[in-house]
Amino acid sequence: MTNVLEDPAPLQLNYVPDEFQGRENEASELKTAFAGSEEAPLPNLHVHGPRGTGKTQVVNSVFSNLPKRVSKAYVPCDKYDTQYKALKQICKAFSQDVDDGHHTSELQRKIGEQVEVMKTVVILDEIDFLLLNDGDDLLYFLSRLENSDNISVVTISSNTKNLESLIEERTYSSLQPRRIGFEPYNGEELYQILAERAKKALASKSLQREALTYIASSTSNLGRSLTWLRYAAKTAETTITEELVREVEASAYQEYVNQLLDDFTEHHYLVYEAVYETSGEGEDSVRTGKIYEKYQELCRSTEKEALSDRRISDYIKQLELLGVVQADYYYGGKKGKTREVNLG
DNA sequence: TATGTTTCAAATGAATCCACGTCAGCGGGATTA
DNA sequence: ATCCCGCTGACGTGGATTCATTTGAAACATAAA
């Protein structure tokens, strides 16, 4: 490893600190939701808040301290975006025996058995992706399990405050999740966190106070600011100055986007690139038709088969869920109905 | 040597998931009649 | 009322994956000449 950083871990997104600064309220709210008596049914939760507010980390940290007789399954639904894939992940979390059978109902039966004998928490992170791609069958199944008192469904979303708007009534009414909201970090909190982590990670490089202040005032997204700081540290000779931080702002942001898109297909990236390039050509928002043309062009130059516009329409939605683009409906009269897309 | 039996891997079959393309109907303000 | 351009849900298709079954040929065993 030829890493300039002594201990890069604290600057990584998945680093789990001992204590969550500025998330004490949310953490204790989660804990109390589960603090009921032994016999009480497990609650369903819907955790929401903007991207980069520590939802995933806090939830996972709280649930990693569950008593032994409660099992836990964590499913990142941006990656496992169908009922089948998610069920498979849940099964994997319960038992090591390699997935045999390839039948959705088979997996459902297994999970049913598991829930019968053991209290269970299922965490569905980035639930929007699964709902967009495959509907709410999985949620419906989980909410209607025979021993539903024994299972807790925790959905996490960066885009949807209220699950009710995304799922069918019958699902919502049997799920009845309690909502827990995460507020964005304010500048002060973000500054503290970054300073704390930098202290642990950057022993050999000095860090100007103004540099951190600038980052903390430009975004409230912890993930983005960590990437930014990491990028600056990588670039810096000895001192991370405000000037340097400003300089690398754009490229650090691109790096952040790349990380987000890492789990997706190359076509997602090409679509993003198409949006990026077209929006660079003057107007700040572009219609989908133009983006699709640009996308096709990019495909030709990289010798890839272009997907249909139907696909790309969905891909743009996914990029929107990731927060890297924004797309609003636009009724242009004779110019038709489309979406206007711009960079997030 | 001819014939029967066993063994095991490769070929084939069957079931399933799902990414994708195609199709048709829709949306709603601007334009036109 | 018409038009525009793309949105969107439904549906069919083919590739991929996985397990189960069949096939076939080698290896071995036995019996007959």
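Order of the sequence lines fixes the chain letters, A, B, ..., with proteins taken first and strands second; residue numbering starts at 1 for each chain.
- At whole-Å resolution of the value, CD in Glu106(A) and P in dT18(C) are 15 Å apart.
- Helix-axis bend for the helix from dT1(B)-dA31(C) to dT31(B)-dA1(C): the local axis fitted to the five terminal pairs at one end deviates from that at the other end by 30°, rounded to 10°.
- Among the protein residues, Tyr330(A) comes within range of no part of the nucleic acid, since none of its heavy atoms lies under 4.0 Å from any strand.
- Listed nucleotides dC7(C), dG27(B), dC18(B) differ in distance to Tyr331(A); the shortest reach to its side chain belongs to dG27(B).
- A cation-pi arrangement is absent between Arg311(A) and Tyr292(A), since the terminal nitrogen or guanidinium carbon is not both under 6.0 Å from the aromatic centre and inside a 45° cone about the axis.
- Listed for the Thr219(A) side chain is no donor-acceptor partner under 3.5 Å among the backbone atoms of Ile215(A).
- Atom OH in Tyr295(A) sits roughly 17 Å away from atom C1' in dG6(C) (whole-Å rounding).
- Put simply, the side chain of Thr239(A) never gets that close to the backbone of Thr241(A): no donor and acceptor are under 3.5 Å apart.
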Evaluate the side chain to side chain donor-acceptor pair (under 3.5 Å) criterion for residues Ser71(A) and Gln114(A): first the C-alpha distance (whole Å), next the side-chain angles of each, then the deciding distance (0.1 Å), finally the verdict.
CA-CA 9 Å; Ser71(A) 58; Gln114(A) 163 79 16; 3.2 Å; yes
May I have the list of side-chain donor-acceptor pairs in residues 123-130 of chain A shorter than 3.5 Å, sequence neighbours left out?
from	atom 1	to	atom 2	distance (Å)
Asp125(A)	OD2	Thr56(A)	OG1	2.7
Asp125(A)	OD2	Tyr74(A)	OH	2.6
Glu126(A)	OE1	Arg51(A)	NH2	3.3
Glu126(A)	OE2	Arg51(A)	NH1	3.0
Asp128(A)	OD1	Ser157(A)	OG	2.8
Asp128(A)	OD2	Ser157(A)	OG	3.2
Asp128(A)	OD2	Thr160(A)	OG1	2.5

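- Residue pairs that meet the side-chain hydrogen bond (donor to acceptor under 3.5 Å, both in side chains) test with at least one member in residues 327-338 of chain A, sequence neighbours left out, are Thr288(A)-Thr338(A).
- Using a 4.0 Å cut-off, some side-chain N or O of Thr288(A) falls inside it from OP1 or OP2 of dC7(C).
- Atom CD of residue Glu320(A) and atom CD of residue Gln326(A) lie 7.0 Å apart, to the nearest 0.5 angstrom.
- Regarding Glu266(A), its CD atom lies at a distance of 14 Å from the C1' atom of dA19(B), rounded to whole Å.
- Comparing dC7(C), dC20(B), dA19(B) by their closest approach to the side chain of Arg311(A) singles out dC20(B).
- Using a 4.0 Å cut-off, some side-chain N or O of Tyr315(A) falls inside it from OP1 or OP2 of dC20(B).
- When the nucleotides dA19(B), dT8(C), dT22(B) are ranked by their closest atom to the side chain of Lys85(A), dA19(B) comes out on top.
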Produce the list of close N/O pairs, under 3.5 Å, pairing protein atoms with atoms of nucleotides 23-25 of chain B; give distances to one decimal.
none

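- A 6.0 Å sphere centred on NZ of Lys72(A) holds more than 12 heavy atoms belonging to other residues, nucleotides or ligands.
- Applying the 4.0 Å criterion to OP1 and OP2 of dC20(B), one finds that Ser308(A) has every side-chain N and O outside that range.
- Around CD of Gln254(A), the count of heavy atoms belonging to other residues, nucleotides or ligands within 6.0 Å exceeds 12.
- Here the C1' atom of nucleotide dA10(C) and the CG atom of Asp314(A) are 13 Å apart, to the nearest Å.
- In the hydrophobic clustering of this structure, Tyr140(A) does not group with Leu107(A); members are Ile, Leu, Val, Met, Phe, Trp, Tyr whose side-chain heavy atoms approach within less than 4.5 Å, directly or through other members.
- Under a 3.5 Å cut-off, the side chain of Asn44(A) and the backbone N or O of Gln176(A) do not form any donor-acceptor pair.
- Of the possible polar contacts, none joining the Ser148(A) side chain to the Arg144(A) backbone as a donor-acceptor pair under 3.5 Å is found.
- Judged purely by atom type and a 3.5 angstrom limit, Asp263(A) has no side-chain atom pairing as donor or acceptor with the backbone of Lys79(A).
- Per the geometry, CG belonging to Asn133(A) stands 12 Å off C1' belonging to dC17(B), to the nearest Å.
- The side chain of Leu307(A) lies closest to dG21(B) when the candidates are dG21(B), dT8(C), dA19(B).
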Find every protein N or O atom lying less than 3.5 Å from an N or O atom of nucleotides 12-14 of chain C, and list the pairs.
none

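- The NZ atom of Lys88(A) sits 12 Å away from the C1' atom of dC18(B) (whole-angstrom rounding).
- Distance Asp309(A) CG to dC7(C) C1': 10 Å, rounded to the nearest Å.
- Of the possible donor and acceptor atoms, none in the side chain of Ser158(A) sits under 3.5 Å from a partner among the backbone N and O of His48(A).
- Heavy-atom neighbours of Lys199(A) NZ from other residues, nucleotides or ligands within 6.0 Å: at or below the threshold of 12.
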Protein and nucleotides 1-5 of chain C: nitrogen or oxygen contacts under 3.5 angstrom:
from	atom 1	to	atom 2	distance (Å)
dC4(C)	O4'	Lys334(A)	O	2.7
dC4(C)	O2	Gly333(A)	O	3.1
dC4(C)	O2	Gly336(A)	N	3.4
dC5(C)	O4'	Lys335(A)	O	3.4
dC5(C)	O2	Lys337(A)	N	3.1
dC5(C)	O2	Lys337(A)	O	3.4

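- Between the CD atom of Gln318(A) and the C1' atom of dC20(B) there is a distance of 13 Å, given to the nearest Å.
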